[in-house]
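Notes follow once the structure below has been shown.
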Amino acid sequence: MARILITSALPYINGIKHLGNLVGSQLPSDAYARYMRARGHEVMFICATDEHGTPAELAAAKAGVPVADFCTDMWQVQKDIAEGFRLSFDYFGRSSSSRNRDLTQHLAAALGKNGLIEEVSEKQIYSKADGRYLPDRYIEGTCPDCGSENARGDQCENCTKQLDPTDLINPRSAISGSTDLEVRKTKHLYLKQSAMRDKLDKWIDSQVGWPVLTTSIAKKWLHDGDGLRDRGITRDLDWGVPVQFEGAPWQGMEGKVFYVWFDAPIEYIAATAEWADANGADDSAWERWWREDKGADDVHYVQFMGKDNVPFHTLSFPATLMGSNEPWKLVDFIKSYNWLTYEGGKFSTSAGRGIFMDQALEIMPSDYWRWWLLSNAPESSDSNFTWESFQAGINKDLADVLGNFVSRVTKFCRGKFGEQVPEGGSYGPAEAAVSAEIAKRLTAYQNNMEKIELRKAAADLRAIWVAGNEYLQAAAPWSVYKENPEDAAAIVRFALNLVRLYGVLSGPFIPDAAHSILQSVNATDARWPDDLDAALLALPAGHGFTTPDVLFAKISDERRDELEAQFAGD
RNA sequence: GGGCCUGUAGCUCAGUUGGUUAGAGCAGAGCGCUCAUAACGCUUUUGUCGUAGGUUCGAGUCCUACCGGGCCUACCA
């Protein structure tokens, strides 16, 4: 038994996420967590909301509520949606927790003491009308290069030229439109990542089997231009972890908070501490996952995220932990995802294009989304959601291959033998052949789950379902029954055991349906089939079951067209 | 501009360290079965592996150039 720590990238608090966000971290991490638990490993699966930063403040202002209240509400909304998708987090925390405040300040202080924090005086745009400093991209104006009037302070959308906010002609606040802006001097803390470049480089090099997407992004940042740059880790904002605190190795940082990208990954650790608090456990309960001097040396730590998150997880966060000179557990494997597109284009919040997590649950069961998204996960390149593909995947894989298999087996048995596993007959070459086929597929399934190749694992799982239909077709109990009911009984008994097996194996992908299957066959044993032959004897003759209702209703062409129109956007 | 990824059957994708007749699912065609959500099974059509060169006994796989698609480029998180 191993100990596996799993974190999913933190969803930002300012709104409900769309399916692209779901498939990029939370969903695959859940499938992995469920699989590892099923294999008997000790799993700690952590997620949380990322609550700090300008967008949260603005979203709260727009909603007309204090930012703390806004975050509390949105945290609950996101938590409920996560439950709707059956995301099995051991804890869903909040980056605004006191645990995260304390830990963020602790790590910053440690970095400061180790000479890895530098005070930098810089110029920042202040908007009097908004009463706040503005991040570069919240300043708009005319591009000095191409004349576009909607250039942002960091880059012109039109000509893609990199800009400095002071380059803009007629700059205005993107929030209020106010032109009453001024340049103010302000002091910030920078994390001296450059000082740790070689160490990070060696660390990245020492990792084996990381996805190319992960390492290539890290390498780019390490070696581009003059190499890894230092990074500001504080901001002039109200909402966040205060930079000035008791015992801080710096002065005069009142009114500033840590930049969200500094405190957000630290929340992985803090959320585990929140978990311990919530369960009435002491610090050793979470430290054994995160402190190598306190039991975490045998932990295998896996992170899941979209590709936009990679620089922070390969460089900034490790730099924070390494730089503290404390024995924090570093990540062992980073699984990064590409984007999901919607009908060939981007998901767009503003244009109302695409499907958001709350809407998805309103129109289809979570298993449908889980199956399609995981079996089409953007693992090697971006993947595209279309209603046609969704309909085909659900109807074919879930309804026809798996659902109908369960249905035909249980209904046939009920009709001929009643609702209990029939007695009589014996197994022969046909059963041995399916067992061998499933054993082969199961090995592939397990290997792909270990490697977190979920798309391939889904194909393996499907092949295991198909094997059941092939078996039934070849064994043809409906024909055998006419001449020899006893032999038919053996076939049905074996098939019912396949049903139970499918209930066990399908759990990581479609937990609700898996649960229904296990319930309908009254499975008392839902353990992973380490011994496949034994697992196929789990349901003995005489064991009662309940014929389930239709497991997966099909999506009709009419319904598909309706949804396509509903989500087409503006 | 720079960097990375990607281009394989009508569609979505697999193709391990280069090694014989390039695979799967869907869609299409034919046959079979009739237990089942008109479901299932079997058989089967389609490929100049983006283009052009090169290395090699041998290249989808390695190298170069070009063409197409996508992403990243550090103050949005």
Side-chain angles (χ1 to χ4, degrees), chain A residues 9-14 50-56 58 122 124-125 133-139 152-155 160-162 164-165 174 188 193 211-213 215-217 219-221 223-225 228-232 235 259-261 264 306-312 315-316 338-339 341 346 375-376 378-384 386 388-389 391-393 395-416 453 455-456 458-459 462-463 466 468-481 488 491-492 495 549-554:
Chain A
L10 308 188
Y12 195 66
I13 195 73
N14 67 342
D50 177 11
E51 305 193 359
H52 296 139
T54 307
L58 296 179
E122 56 186 18
Q124 197 79 39
I125 307 288
Y133 283 93
L134 297 176
D136 290 358
R137 89 166 34 194
Y138 281 93
I139 301 158
R152 292 184 323 211
D154 57 338
Q155 185 180 35
T160 73
K161 185 181 167 59
Q162 305 277 319
D164 196 74
H188 280 294
Q193 299 186 137
V212 186
L213 187 62
T215 49
S216 66
I217 292 173
K219 284 289 182 184
K220 174 71 194 318
W221 282 52
H223 301 294
D224 190 40
L228 187 60
R229 302 177 212 168
D230 294 341
R231 200 175 172 89
R235 289 291 182 275
Y259 181 34
V260 280
W261 268 112
K307 59 186 169 186
D308 54 329
N309 259 317
V310 168
F312 303 97
L315 304 168
S316 305
N338 288 284
W339 305 131
T341 55
K346 287 184 176 174
S375 60
N376 292 279
E379 286 181 321
S380 52
S381 61
D382 291 354
S383 59
N384 182 31
T386 65
E388 197 182 349
S389 168
Q391 179 198 26
N395 288 356
K396 205 66 207 171
D397 301 344
L398 295 186
D400 293 346
V401 176
L402 176 60
N404 183 54
F405 176 75
V406 173
S407 183
R408 65 196 295 207
V409 170
T410 50
K411 284 182 180 164
F412 181 79
C413 184
R414 181 177 63 182
K416 299 291 192 262
E453 297 276 357
R455 203 175 171 130
K456 291 178 185 171
R462 186 187 191 282
V466 166
N469 282 313
E470 289 171 352
Y471 166 71
L472 268 195
Q473 191 64 34
W478 48 89
S479 302
V480 173
Y481 183 81
I491 295 167
V492 171
D549 294 330
V550 168
L551 273 176
F552 307 101
K554 290 202 189 190

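Here is the naming used below: chain letters follow the sequence lines, and residue numbers restart at 1 for every chain. This one's a predicted model, so the numbers in the text were calculated from it and none came from an experiment.
Classification of the A/F312-A/W261 ring pair by plane angle, with boundaries at 30° and 60°, yields parallel.
Judged by distance alone with a 3.5 Å cut-off, no donor-acceptor contact links the side chain of A/E388 to the base of B/C26. No hydrogens or angles were tested; on distance alone, a donor-acceptor pair under 3.5 Å links the side chain of A/N404 to the base of B/A36. For B/A77, the base has a donor-acceptor partner in the side chain of A/W261 [N/O atoms by modelled type, under 3.5 angstrom].
Looking at heavy-atom distances under 4.0 Å, A/V466 makes contact with sugar-phosphate atoms alone, never a base. Heavy atoms of A/L551 sit under 4.0 angstrom from at least one base atom. Among the atoms of the strands shown, none is found under 4.0 Å from any heavy atom of A/Y481. As judged by a 4.0 angstrom heavy-atom cut-off over every strand, A/F312 is placed among the base-contacting residues. In this structure, A/V550 reaches the bases: a heavy-atom distance under 4.0 Å links it to at least one base atom across the strands shown. At a threshold of 4.0 angstrom between heavy atoms, the contacts of A/G53 with the nucleic acid are absent. Among the protein residues, A/D308 comes within range of the nucleic acid bases, having at least one heavy atom under 4.0 Å from a base atom. In this structure, A/K416 reaches neither bases nor backbone, as no heavy-atom distance under 4.0 Å exists between it and the strands shown. Counting any heavy atom pair closer than 4.0 Å across all strands shown, A/K396 reaches sugar-phosphate atoms only and no base atom. A/P477 comes within contact range of no nucleotide atom at all, as no heavy-atom separation falls under 4.0 Å. No contact: A/E379 has no heavy atom under 4.0 Å from any strand.
A gap of 43 Å separates the P atoms of B/A39 and B/G68, to the nearest Å. With both ends at atom C1', the span from B/A36 to B/U16 equals 39 Å, rounded to whole Å. Nucleotides B/A77 and B/G18 are separated by 44 Å at their C1' atoms, to the nearest Å. Rounded to a whole angstrom, the distance from the P atom of B/U48 to that of B/A52 is 11 Å. For B/U46 and B/A29, the C1' atoms lie 12 Å apart once the distance is rounded to whole Å. Straight-line distance between the P atoms of B/C5 and B/C62: roughly 11 Å, to the nearest whole Å. Atom name C1', nucleotides B/A14 and B/G60: the rounded distance is 12 Å, in whole Å. Only the C1' atoms considered, B/U8 is 8 Å distant from B/G47, to the nearest whole Å.
In this structure, A/N469 places its CG atom 9 Å from C1' of B/A36, rounding to the nearest Å. At whole-Å resolution of the value, CG in A/N376 and P in B/A24 are 19 Å apart. When rounded to the nearest whole Å, the span between CZ of A/R455 and P of B/G15 equals 11 Å.
The aromatic ring of A/F412 does not sit over the base of B/C35, since the test of centres under 5.5 Å and planes under 30° is not met.
For the pair A/R231 and B/C75, the criterion of a side-chain N or O lying under 4.0 Å from OP1 or OP2 is met. Between A/Y259 and B/A77 there is a side-chain polar atom (N or O) within less than 4.0 angstrom of OP1 or OP2. Taking side-chain N and O atoms only, A/R229 has no distance below 4.0 Å to OP1 or OP2 of B/U73. In terms of phosphate contacts, A/K456 brings no side-chain nitrogen or oxygen within less than 4.0 Å of OP1 or OP2 of B/G25.
The listed nucleotides are B/A77, B/C76, B/U37; the one nearest the side chain of A/R137 is B/C76.
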| Given the rule that a pair is Watson-Crick or G-U wobble with both distances under 3.5 Å, how would you write RNA chain B in dot-bracket, using | for pairs to a different strand? | (((((((..((((.....[...)))).(((((.......))))).....(((((..]....))))))))))))....
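Within 6.0 Å of the CD atom in A/E388, the count of heavy atoms belonging to other residues, nucleotides or ligands does not exceed 12.
Between A/P55 and A/Y138, the shortest heavy-atom contact is CG-OH, 3.5 Å. The two residues A/Y12 and A/D50 make their nearest non-hydrogen contact at CD1-O, 3.1 Å. A/R462 approaches A/D397 most closely through the heavy-atom pair NE-OD1, 2.6 Å. Taking every heavy atom of both residues into account, A/L551 and A/G403 meet most closely at CD1-CA, 4.2 Å. Across all their heavy atoms, A/R235 and A/G232 have their closest contact at NH1-O, 3.8 Å.
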| field | Sugar-phosphate or base contact per nucleotide [nucleotides 2-10 of chain B; S, B, -; heavy atom under 4.0 Å] | value | BSSS-----
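Positionally, the nearest nucleotide of RNA chain B for A/S479 lies more toward the 5' end than for the other of A/S479 and A/A553.
By the side-chain hydrogen bond (donor to acceptor under 3.5 Å, both in side chains) test, A/N376 is found to be paired with no residue, residues two or more places apart in sequence or in another chain being considered.
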